[in-house]
Amino acid sequence: MARGELRIFLGAAPGVGKTYTMLEEAHRRAERGTDVVIGLVETHGRKHTQAMIADLEVVPRRTVEYRGAEFTEMDLDALVARRPELAVVDELAHTNVPGSKHAKRWEDVNELLDAGIDVLTTVNIQHLESLNDVVAQITGAQQRETVPDAVVRAAEQVELVDMTPEALRRRMAHGNIYKPEKIDAALGNYFRTGNLTALRELALLWLADKVEEQLDKYRADNRISATWETRERIVVALTGGLEGDTLIRRAARIAARDKGADLMAVHVTRNDGLAGADPAVLARQRVLVESLGGTYHQVVGADVPRALLDFAGAVNATQIVLGASSRGKLAQLFAAGVGVTTTAMSGSIDVHLVTHERAAQGRRARRMPAALSRRRRIAGFLTVVLGFPALTAVLEVGPSLSLINDILLFLAAVVGVSLIGGLWPALLAAVAGSLLLNWYFVQPYRRFTIAEGDNLLALAIFVVVALAVSWVVDTAARRTRQAAAASADAQTLATVAGGVLRGERPLMALLERLRETFTLDSVTLLDHGAVAAHVGEACTRARDADVEVKVDDTMTMLLRGRPLEASDRRIVEAFAAQATVALRQERLAAEAAAAKPLAEADRMRTALLAAVSHDLRTPLASAKAAVASLRSEEVHFDESDRRELLATADESLDRLVRLVTNLLDMSRLQAGALGVNAVDLGAEDAVPRALDELGPEGRKVAVHIPDDLPPVHADPGLLEQILINLVANALRYSPADEPPAITASTLGSTLELRIIDHGPGIPEDRWDYVFLPFQRLGDRDNHTGVGLGLALSRGLTEAMGGTLVPEHTPGGGLTMILTLPTGRTA
């Protein structure tokens, strides 16, 4: 059986029209003869969406009972048994009621697809798992319901249902998304223009990445290697030279001209692994690329132009930025440089050759260390000075040999000198051997002349072979030493990097590992001459340090303890660049932490203004209407009407007083200025006073407080306010035939007051949210208060050294457990 196809309608926010667009597609399919069935569609009371369902077959939902309450979910088994060609299933990220066949709706959809049923579904960008934390940072609301990105990326089609933030806010204001009582809070919080703009950009970028994945797959499946300029991608080639900074900045300027262009830096390493660029320069240039929004890559290849173009083709690059050749004019006459060769082979990729200060000045190769030690070189020279005269004497006094044999013996001696002392002693041996052979063994003897042409050829071959063998032996020794040094450097880098990754503070871990690795007394990082970080005793002046490493114009690292060899210094320079990055990251994290309270205060202020502007209207309007009616001379009220109007005004003003009191207390809590005057008092006294403040509604609450309870140590006024808020919340949601109850008990040195209601309750994953100020997540209606009740109650409780936690009520509902310390006289 073929697996069904999944089509997802993606939106940036609720209300953009995903469900409506999905139903339009369902109607189009049905009109073409497709068997279409609605598995589940959430209309949210929107009449236009409801009208779209009327002509389509709907599979009835199943009822699920959970904790004494009834919920409806999609009947998956019935839908599979019906086996339509196309199923419409709304809200892919939905979490099913516990006890359902699958925990998530996307798992239900997977079962439908496995059964060969095509599915249309919807999802908002904030529900994608990879973007969950980003959306929370933007909107201030954490999304509990998420769907793995892989599920959405695996869809055959993802269609973006888009709408501008201004249009979406107009839809909200006209009541086309939420009910009227929720509009003000939504516009002032989640549906702010900035939030919607950021969410829209996230949706567009995410979809663009998916489209790019599909394009890459198509190009790979069809073996298309030509560049398709769907997006500007600029590749800058780095050699590890100092001109790299100029190239990177030039490439970044090119990328900045085209919104959305990608910047990639690449360094091609020779496949022998030995022709190395300076790692410190490359590390610094990598930091520069990443700071400009680009990415750094490293590839291996024997042919640099070919490797560079292979990389550019693989990433679908449109432009390559190269530096003008640094080789001298003489070198350029004999071989084309990388830039010329790359340009000739680039095809449709544009190549920019950027001039720089070092162009055409000749390469200043980094001085390589000698292949062999000084002692071995001296031994080689001594071998030539002492051994060659001895060899000459032995050949003269010994049996007579042919010139060819003499040459072979001297050639063997040159090879021996190469093995002992390297290139320069071997060159001296080749020259000395040729002179000795000419003087003693080539006719005419004892003269630097050659009589026969064959002897001249033999002697010339000897010189050439001796020089070649000397060069090969020395090169092999040099490469061996380079490989050993590279291996040691790599091991050092890996050790230091591992220590950094395991450290809680990367910067300090890096500095500590550097000090330990190179046995230093101290490592100090200076920023504009001031100590930014250090291990060991800080060093503030370059003249007091053994090694000074300049990272950039502002950052310097000072090492004290011992001088470093050149190879060690290169490693330190590489990690000094990384230390600079770590320092800047720590500073950014500190700035973000410092800005978080300000952002939270701004969010709180915005929410407060939105909530107060909404929730002050009703009591103010009621009180004003009552007072205006009493003052009116046009209408005559009897005594009962006057009492009712006065009661209305009094009740409305009481609500305003409670609202203002809560606001003031919350502001004092956040400012840390709330005064707590705790005394010992009995729960049997505090609870009735709170219930009396609630008026007739408070008398409905059942109270069960044992007489032998110890007193509680609390502020009477604050405790009364906590109880009023908690009981009022319980009364609001309890059924008429099951009023709330208050029980009390002791647990160790604490007293627990339980405020129990039998209402719909709150899902456990929402418990943390009900204690956030100004939220509207179902713990309160939208006609009274500003969402401060539970937030303020918890704050006041914690100010008195207690706790306030929710718990499920057996049989359904919510129980708030208020725990306070018992009195000192208990």
Side-chain angles (χ1 to χ4, degrees), residues 234-252 263-302 304-305 307-308 310-312 315 317 320-326 338-339 342 354 356-359 363-369 482-483 485-497 500 506 510 514 517 549-553 555-557 564-585:
I234 294 88
V235 171
V236 53
L238 301 179
T239 64
L242 298 177
E243 74 279 358
D245 292 9
T246 302
L247 302 183
I248 292 169
R249 292 189 174 95
R250 179 61 182 274
L263 172 64
M264 291 169 279
V266 61
H267 171 67
V268 179
T269 302
R270 295 291 296 272
N271 58 2
D272 57 15
L274 298 175
D278 193 327
V281 174
L282 283 176
R284 181 170 52 78
Q285 290 173 354
R286 177 174 187 165
V287 173
L288 177 60
V289 169
E290 293 174 349
S291 70
L292 294 172
T295 56
Y296 177 86
H297 307 268
Q298 191 158 330
V299 297
V300 178
V304 174
L308 178 60
D310 287 345
F311 173 82
V315 299
I320 297 176
V321 176
L322 290 166
S325 178
S326 299
V338 172
T342 303
V354 180
H356 50 85
E357 294 179 356
R358 300 172 62 84
R363 288 182 179 173
R364 299 176 183 177
R366 193 173 69 237
R367 184 177 179 181
M368 301 298 296
Q482 288 178 357
S487 176
D489 289 349
Q491 186 174 1
T492 300
L493 292 170
T495 302
V496 176
V500 171
L510 190 149
L514 281 179
T517 300
V549 177
K550 291 282 293 182
V551 182
D552 53 30
D553 294 338
M555 307 296 295
T556 305
M557 181 174 283
L564 296 180
E565 296 181 4
S567 58
D568 291 339
R569 184 185 178 91
R570 292 200 306 273
I571 301 299
V572 172
E573 288 174 350
F575 276 92
Q578 296 302 320
T580 301
V581 175
L583 173 64
R584 289 168 180 164
Q585 288 177 339

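In this structure, V268 and A307 approach most closely via the heavy-atom pair CG1-CB, 3.8 Å. When all heavy atoms of V549 and A576 are compared, the closest pair comes out as CG1-CB, 4.0 Å. When all heavy atoms of G240 and L282 are compared, the pair lying nearest together is CA-CD2, 3.7 Å. Nearest heavy-atom pair, L247 versus A237, reported as atom, atom and distance to 0.1 Å: CD1-O, 3.6 Å.
Applying the side-chain contact (heavy atoms from CB on, under 4.5 Å) rule to A251 yields the partners I234, V236, L263, V321; only residues at least two apart in sequence or on another chain are considered. Annotation: side-chain hydrogen bond (donor to acceptor under 3.5 Å, both in side chains) contacts of E290 (sequence neighbours excluded): R286. In this structure V315 satisfies the side-chain contact (heavy atoms from CB on, under 4.5 Å) test together with V235, M264, F311, A317, sequence neighbours excluded. By the salt bridge (charged side-chain N to carboxylate O under 4.0 Å, His left out) test, R249 pairs with no residue at all, sequence neighbours left out. Taking S291 as the reference, nothing meets the side-chain hydrogen bond (donor to acceptor under 3.5 Å, both in side chains) condition, with sequence neighbours excluded.
Without hydrogens or angle criteria, Q285 side chain to T239 main chain gives no donor-acceptor distance under 3.5 Å. The closest donor-acceptor contact from the side chain of H267 to the backbone of L238 lies under 3.5 Å.
Remark: L308 CG to I320 CD1 distance equals 4.5 Å, nearest 0.5 Å. For the atom pair CG (L288) and CD1 (I248), the distance works out to 4.5 Å, reported to the nearest 0.5 Å. Of the inter-residue distances, the one linking K550 atom NZ with M557 atom CE reads 13.0 Å to the nearest 0.5 angstrom.
Here the side chains of R284 and V287 are not in contact, with every heavy-atom distance at 4.5 Å or above.
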